[in-house]
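Chain identifiers are assigned alphabetically (A, B, ...) following the order of the sequence lines, protein sequences preceding nucleic acid strands; residue numbering begins at 1 within each chain.
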Amino acid sequence: MPTNILICGVGGQGIVLTSKLIAATAMAHNIPVKSAETIGMAQKGGSVFSFLRVGEGAFCPMFAEGTADIIIAFEPAEAVRMLPFLKDGGQIIVNTHPIMPVTAALSGSAYTGAEMLEYLGRQVNDLILVDGEKACAEIGSPRALNMIMLGAAVRSGVLPFDIAAIEETMKATVKPQFIEMNSKALHYGE
Amino acid sequence: MYKEFLMGNAAIARGAIAAGLNVVSGYPGTPSTEVLETAAKCNKGGLYVEWSVNEKAALELAAGAAYSGARTMVTMKQVGLNVASDPLMSLAYIGVKGGMVVLVADDPGPISSQTEQDTRTFAAYSKLPCFDPSTVQEAYDMIQQAFELSEKYHTPVLFRPTTRVCHGYASIEVKDENECKKNEPEGFVRDPSKWVIFPRLSFRAHAEIEKRNRALSELLSDSGLNPVETGSGKLHDCTNLFVPGSCNRAGIAAHGISYTYVKEALAALGCDVPLFKVGTPFPFPEKAAVEFLHCCDEVLCIEELDPVIERGLTYVCGKFAIETTIRGKLTGNIPESGENTIASVTKAIAEYLGVEVPEKAVREEPPALPVRPPVLCAGCPHRASFYAVKTAMKGKKSVFCGDIGCYTLGNAMPLDMVDTCLCMGAGVNITQGIGKIEPDTACFAFVGDSTFFASAITGVVNAVYNQADMTLVVLDNSTTAMTGHQPHPGTGRTMMGQVVDKISIENVLRGIGVKTVETVNPLDLKAAVECVKRVAAEKGVKAIIFKSPCAVLIKSGKPAFIDPAKCKDCKRCIKELGCPGIVIRDGRPAIENALCTGCGLCSQVCPFDAIGGDKNAD
Ligand code: SF4
Ligand code: SF4
C-alpha cells in the first residue's frame with residue numbers, strides 16, 4: 001500500500017514545490033510515486049491541493065476520501081476543506097496563520113482561522129499545529145513556509161524517509177544562496 | 001530505459017520525441033498546454049516548435065510538414081478542435097505521409113473550458129482513429145503507437161487524454177536517447193492526384209476510409225490496447241461467477257482515468273470482475289467487445305463525457321445478437337455530466353454489484369468555509385481597464401461583451417463587467433448583433449491580445465465592413481496570461497527563441513479601416529476614463545487599446561499603504577475594485593504587502609487621498 005499524502009493551501013504558498021520535493025526524494029530512493037495537483041484558473045488565489053502517493057500499489061494519482069495518511073495544510077480552512085480525505089487515525093499538520101479570501105474583505109466577514117483550528121482540535125487526535133508566521137519571521141523569510149511545513153511532516157514519521165533525505169533533494173533543487181535558509185526551515189522546531 | 005517523474009503532458013511530449021517527432025505546433029489551452037512547452041524545452045535543435053496563431057493554423061502547418069514526410073504533432077484543448085475542424089475534416093480524406101498525431105485534451109467537469117464535448121465522438125464523426133490513455137506511463141507508450149499507426153495507414157490520428165491524465169504525475173519508464181527513433185523527412189513530392197482535394201478524390205477516399213476502419217477495428221481488438229482483465233481466471237474459461245445481489249455475471253467497461261478509478265474501487269470493495277478497458281474508442285474494437293460480452297450478463301460502463309463505450313457495446317450486442325444488458329449514463333447508473341471521482345465510481349460499482357461501501361469516519365459538521373473563487377490577480381491591469389469603462393459609462397445604457405482569457409474574471413463582483421462570453425473571439429460580432437437589435441445601447445467588446453490575434457481580427461473586418469456601431473476594447477497585457485504566459489504575434493518572441501518584429505494591434509486595426517484607435521495606460525485612471533468617454537461617443541467601429549503588462553510578469557513596485565489618519569473607513573477601495581491586495585484587518589482596510597504590486601489603482605479611487613505609494617505619481 002502506498003503512503004497517501006495530501007498537501008493543501010492557497011495559490012502562491014508553495015504547495016506545488018513541496019509536492020515536487022517529496023516526489024524527487026522518493027525517486028532518489030527508487031520508490032514509485034504518483035501525484036496530482038490543481039493547475040490553471042484555480043491557482044489564482046483559489047484553494048490549491050496536491051495528492052501524492054509514495055510506494056507500490058497506486059493505480060491512480062488521486063486517492064479516495066478517508067484514505068490520506070497525512071494532510072499537510074498550509075492554511076486552517078483548507079485543512080478543514082480537505083479533512084474528508086483523512087483516514088481514521090490519520091495525521092494533520094496545519095499552519096495556524098489564516099489567509100483571508102478576497103470575498104471576505106468584500107462582504108466584510110471576519111474569518112480568523114480560530115474556529116477552524118478549534119474544529120480540527122475536536123475532530124483529529126493527531127493534530128500538529130505550526131505557527132508558520134512566527135517561524136517565517138524567526139527564519140527571516142516568508143518563503144520558508146513550505147520547508148517549515150515539510151520539516152514538521154517528515155519529523156512526524158508518516159513519510160517514508162527522513163530529514164536528511166529531504167535535505168539532500170532540497171540542496172540539489174534550490175539555488176545555492178537559498179540552501180542555508182531552507183535547511184534552517186527544515187530543521188525549525190527540532 | 002530509465003525512470004523519470006513526469007507530468008502526463010510531459011510524458012506525451014517525450015513519447016512523441018521518442019517516436020521521431022520533427023514538428024510540433026499548437027495553440028495554448030488548459031489542459032493541453034504543457035505538451036508543446038515540454039517539447040520546446042527538450043528540443044535539442046532537430047525539432048521545429050511553434051505556438052501558432054490559432055489551432056487551425058497549427059493543424060495546417062503540421063499537415064504540410066506531414067505531407068513532406070515529417071512526423072508531426074498538433075496540440076490543443078477540446079474547444080480548439082472546433083477551430084481546427086475545418087482542415088481536419090478534409091485532411092481525413094487527403095491523409096498524410098509522415099505520422100501525424102492531433103493531440104486534443106478533453107476536460108470533464110468542465111474544470112477550465114466552455115464545453116464538455118468528447119473528442120471520442122469527434123473521432124467517429126471525422127472517421128479518424130482515436131487513442132485514449134489512462135495513465136502517465138500509458139500516455140508515453142501509446143503516443144508512440146499512435147505515430148506508428150498514423151504513418152502506416154497514412155492518416156492523421158487523434159490522441160485525447162483528459163485533464164487528470166494530462167496533469168497527473170508519475171515515475172515512469174522512459175527510453176534512453178539511443179533507443180529513440182530518428183525520422184528523416186523525405187521532402188514534399190509533387191502529386192496533384194494525391195494532395196489536391198476534389199469531389200472525385202473524396203468519393204474514392206471515403207470508401208477507402210470505411211474499409212480501413214473496419215480493418216482497424218479488428219486490428220485494434222488484438223493490439224493489446226483494448227484489454228479485458230478477467231481477474232478470476234481466463235476469459236474463455238468464463239469463470240466469472242461473481243454473485244452479487246442482482247446479476248451473477250457482472251462486468252465493467254471503462255476508459256481513461258476512470259479505468260484507474262475502477263481499479264481503486266474494486267480493490268477497496270474487495271471485488272473482482274472482468275474489466276474491459278477501451279484504449280481506442282474509434283474504430284470501436286468490436287471483436288474484443290464480443291469476447292468480453294460473452295462472459296457477462298450485465299455490463300456497467302464507467303465513462304466521462306459521452307457514453308461512447310456504452311453506445312458501442314449496445315450496438316455490438318444488437319449486431320451480434322448478444323443478450324447482455326448494458327448500463328451506464330443512458331440508463332441512469334452513471335451521472336450524465338461532470339467528472340467521475342474514485343468516490344462516485346466506488347458508489348456506482350457498489351450499487352451495481354450489490355455490495356456495501358466501507359464506512360467512513362463520521363465527523364461533526366464543519367464551520368462555514370471561506371469560499372475562494374478565482375479572481376484577477378492583485379495589480380492586474382484588466383481590473384483597471386474594466387473599472388475605467390465602468391466609470392465612464394456609469395448611468396448610460398451599455399452592454400459589455402467579454403471573451404476567453406483571464407479577463408473573463410472581470411465578471412466577478414464588484415466589477416461585474418462581463419455580460420456575455422461564448423468562445424474565442426466571439427465577443428466582437430456578438431456585440432455587433434446586440435447593437436443591431438438595440439441601437440440605443442453603447443456596445444463594447446473586450447478582447448485580450450492573444451485572443452485578438454487568434455480569432456478576433458476577422459470579426460473586426462466583419463464589423464467594419466457591415467457598418468457596426470461598437471467600441472472594441474483590446475486588453476493588451478503582452479502575453480497569453482491565462483494559460484501560463486505564452487508568446488504570441490504581438491510579443492516579438494517565438495517558441496524557437498527568436499526575437500522578431502512585433503505585430504502591432506494598432507496597425508492591424510488601422511489597416512482594417514478602424515479610424516479611431518486610441519492607446520492608453522489603464523492604470524492612469526483619469527486618462528483612461530476620459531479616453532473611454534471620448535471614443536465611445538464616436539460613431540462606427542472604434543477601438544481603445546488598454547496597454548499595460550500582466551502583473552505576474554513585471555517586478556512589483558513598492559506596496560501601497562493606507563494612512564490610518566486619513567482613511568475614513570468608507571471601504572470604497574474594497575467595494576469598487578475587489579483587489580486581493582486590500583484586506584480588512586481589525587475592521588479596517590489594510591494592504592496585504594505580500595500581494596500588492598503597487599499598481600496605484602486604489603489610490604486613485606480613494607476619495608480621501610488616504611492611499612499612498614502610487615507608482616504613477618513618483
Ligand atoms: S496598489 Fe492597490 S489596487 Fe494596486 S495591487 Fe496594491 S492594493 Fe491592489
Ligand atoms: S495573470 Fe496577469 S492578466 Fe491574469 S489576472 Fe493575473 S495580472 Fe491579470
Side-chain angles (χ1 to χ4, degrees), chain A residues 10-12 19-20 23-24 26-27 30-47 52 57-67 77-78 80-81 83-84 86-89 98-106 108-111 115-116 118-119 122-124 142, chain B residues 3-5 30-31 34 111-112 135-136 163-164 167-171 257 259-265 267-268 341-343 346 358 360-361 363-364 366-367 369-378 406 409 413-414 482-484 571 574-575 578-580 582-585 587 589 592 594-595:
Chain A
V10 176
S19 161
K20 292 269 146 58
M27 288 296 289
N30 253 320
I31 308 173
V33 50
K34 287 190 164 65
S35 80
E37 61 209 29
T38 350
I39 291 178
M41 186 119 100
Q43 277 174 300
K44 293 188 193 306
S47 304
L52 259 165
F59 298 107
C60 174
M62 283 83 75
F63 44 81
E65 299 198 341
T67 63
E78 296 314 307
V80 176
R81 204 187 302 279
L83 184 63
L86 192 71
K87 73 171 188 196
D88 246 350
I99 293 187
M100 197 83 78
V102 205
T103 46
L106 267 177
S109 83
Y111 156 65
E115 64 282 35
M116 301 296 156
E118 278 160 29
Y119 173 78
R122 288 196 300 275
Q123 305 305 310
V124 184
Chain B
K3 288 246 182 206
E4 217 178 307
F5 184 64
T30 313
E34 299 83 1
I111 301 172
S112 39
T135 64
V136 178
T163 306
R164 301 297 175 189
H167 288 167
Y169 283 80
S171 42
I257 195 73
Y259 162 80
T260 71
Y261 298 164
V262 171
K263 298 285 280 184
E264 295 284 347
T341 61
I342 298 178
T346 307
K360 265 198 291 290
R363 294 190 180 104
E364 168 193 330
L369 289 166
V371 278
R372 301 187 195 276
V375 287
L376 292 171
C377 301
C406 280
L409 296 175
M413 290 311 231
M482 179 76 173
T483 44
K571 305 209 170 75
I574 291 175
K575 286 190 209 131
C579 173
I582 314 180
V583 295
I584 294 184
R585 216 172 276 139
E592 180 77 66
L595 293 176

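- Residue Met62(A) touches chain B through both its backbone and its side chain, counting heavy-atom pairs closer than 4.5 Å.
- At a 4.5 Å heavy-atom cutoff, Leu595(B) makes no contact with chain A through either its backbone or its side chain.
- Residues Phe5(B) and Lys34(A) fail the side-chain proximity criterion, which asks for heavy atoms closer than 4.5 Å.
- Within the 4.5 Å cutoff, the side chain of Tyr119(A) has heavy atoms near those of the Val80(A) side chain.
- Neither the backbone nor the side chain of Leu52(A) comes within less than 4.5 Å of any heavy atom of chain B.
- Contacts of Glu4(B) with chain A are made by backbone atoms alone, with heavy-atom separations under 4.5 Å and no side-chain atom involved.
- Interface remark: Pro98(A) contributes no atoms to any contact with chain B (heavy atom separation under 4.5 Å).
- Applying the ring pair (Phe, Tyr, Trp, His ring centres under 6.0 Å) rule to Tyr259(B) yields no partners; only residues at least two apart in sequence or on another chain are considered.
- For the atom pair CD1 of Ile574(B) and CD1 of Ile582(B), the computed distance is 6.0 Å after rounding to the nearest 0.5 Å.
- For Ser19(A), the side-chain hydrogen bond (donor to acceptor under 3.5 Å, both in side chains) partners are Ser50(A), not counting sequence neighbours.
- Put simply, of Leu369(B), Thr341(B), Thr483(B), Thr135(B), the one with the most heavy-atom pairs under 4.5 Å next to chain A is Leu369(B).
- Most heavy-atom pairs under 4.5 Å with chain B: of the set Ala24(A), Ala36(A), Cys60(A), Gly57(A), this distinction falls to Cys60(A).
- Among the candidates Lys20(A), Lys87(A), Glu118(A), the residue making the largest number of heavy-atom pairs closer than 4.5 Å to chain B is Lys20(A).
- From Ile342(B), atom CD1 reaches atom CZ of Phe59(A) across 11.0 Å, with rounding to the nearest 0.5 Å.
- The CD atom of Gln123(A) sits 11.0 Å away from atom CG of Leu86(A), with the distance rounded to the nearest 0.5 Å.
- For the options Ser35(A), Gly66(A), Pro61(A), Ala23(A), heavy-atom pairs under 4.5 Å to chain B are most numerous at Ser35(A).
- The candidate from Met413(B), Glu264(B), Glu592(B), Lys3(B) with the greatest count of non-hydrogen atom pairs under 4.5 Å with chain A is Glu264(B).
- Ile257(B) CD1 to His167(B) NE2: the interatomic distance, rounded to the nearest 0.5 Å, is 12.5 Å.
- Proximity to chain A (any heavy atom under 4.5 Å) is shown, for Pro589(B), by neither the backbone nor the side chain.
- Among Lys263(B), Lys575(B), Arg363(B), the residue making the largest number of heavy-atom pairs under 4.5 Å with chain A is Arg363(B).
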